[in-house]
Asker: 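Can you keep this structure in mind? I'll have questions shortly.
Note that the structure is a prediction, hence the values are computed from the model and not measured.
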Amino acid sequence: MSVRIKNILKGITALQKYVIKILIPCIFIILAGCAGRQPVRIPPDDVSEPESPSPLIRDEGETSYPPEPEEPVRRPTPRDQASLNLMDKAMVFLDENRPDESIRTLEKAVTISPGRGENYYYLAEAWLMKGNYSQAKEYNSLAAIYLKDDARWMDRVEEQKIRIEEE
């Protein structure tokens, strides 16, 4: 092979290394930064935006207010995700009638994310399974504090409280 071809091949190899080590990670960083952002909407030149939108919507002679905006979906933080993963694992232990493993796993989940009321609910379930009603009652109370704004969970917490008090 000629020296010129060897130099061209070396240049290509160096370029490949540069692309692999530098450009590809940069592209992923840029894409990760753009993830979750809404695209910018640019109106066409021939259409003008209304200057002051009316708070009322008129539809065939009827007047109604616009629908309430939905709350944005909140992505779980890494701590929340770790806590959820541990909670899922603990639920498997409960299903397998292994309350001790469930308690250890849920205590880790509470340490990671102490504001997740579901963890306290399942801790109460595990202690109830073990027959320790005072511990179950304590965790049920904590679940009620953290889940007070969620009607579906509060139904479950109240049902659990009744089961604890019956024992």
Asker: Under a 4.5 Å side-chain heavy-atom rule over Ile, Leu, Val, Met, Phe, Trp and Tyr, are I164 and L123 clustered together?
Answerer: no
Asker: Quick one: side chain to side chain donor-acceptor pair (under 3.5 Å) partners of E159, sequence neighbours excluded?
Answerer: R163
Asker: Supply the atom-to-atom distance M154 CE to K161 NZ, rounded to the nearest 0.5 angstrom.
Answerer: 8.0 Å
Asker: Let me check something: any side-chain donor-acceptor pairs from residues 105-116 under 3.5 Å, sequence neighbours excluded? List them with distances.
Answerer:
residue	atom	partner	partner atom	Å
T105	OG1	E101	O	2.8
T111	OG1	E107	O	2.9
S113	OG	D80	OD1	3.3

Asker: Taking side chain to side chain contact (heavy atoms under 4.5 Å, CB included) as the definition, give me every residue that meets it alongside D100, ordered by chain and number, with sequence neighbours left out.
Answerer: R104, K130
Asker: How many angstroms lie between atom OG of S83 and atom CD of E118, to the nearest 0.5 angstrom?
Answerer: 8.0 Å
Asker: May I have the list of side-chain donor-acceptor pairs in residues 139-150 shorter than 3.5 Å, sequence neighbours left out?
Answerer:
residue	atom	partner	partner atom	Å
N140	ND2	V157	O	3.1
N140	ND2	Q160	OE1	2.7
S141	OG	K137	O	3.0
D150	OD1	R152	N	3.2
D150	OD1	W153	N	3.4

Asker: Identify whether W127 and Y120 are in the same connected component of the hydrophobic contact network (ILVMFWY, side-chain heavy atoms under 4.5 Å).
Answerer: yes
Asker: Can you tell if the side chain of T77 reaches within under 4.5 Å of the side chain of Q81, non-hydrogen atoms only?
Answerer: no
Asker: Distance check, rounded to the nearest 0.5 Å: N132 atom CG versus E138 atom CD?
Answerer: 11.0 Å
Asker: Give the minimum heavy-atom separation between A90 and S102, together with the two atoms involved.
Answerer: O-OG, 3.2 Å
Asker: D88: which residues meet the side chain to side chain donor-acceptor pair (under 3.5 Å) condition with it, sequence neighbours left out?
Answerer: none
Asker: Evaluate side-chain contact (heavy atoms from CB on, under 4.5 Å) for E96 paired with V92, printing each intermediate quantity in order.
Answerer: CA-CA 6 Å; E96 294 173 352; V92 170; 3.5 Å; yes
Asker: Could you give the distance from CG (L94) to CE (M129), rounded to the nearest 0.5 Å?
Answerer: 5.0 Å
Asker: Report yes or no: do Y121 and M87 belong to one cluster of Ile/Leu/Val/Met/Phe/Trp/Tyr joined by side chain heavy-atom distances under 4.5 Å?
Answerer: yes
Asker: Does I162 sit in a hydrophobic cluster with other residues, and if so which ones, taking ILVMFWY side chains as linked at heavy-atom separations under 4.5 Å, directly or through other members?
Answerer: none
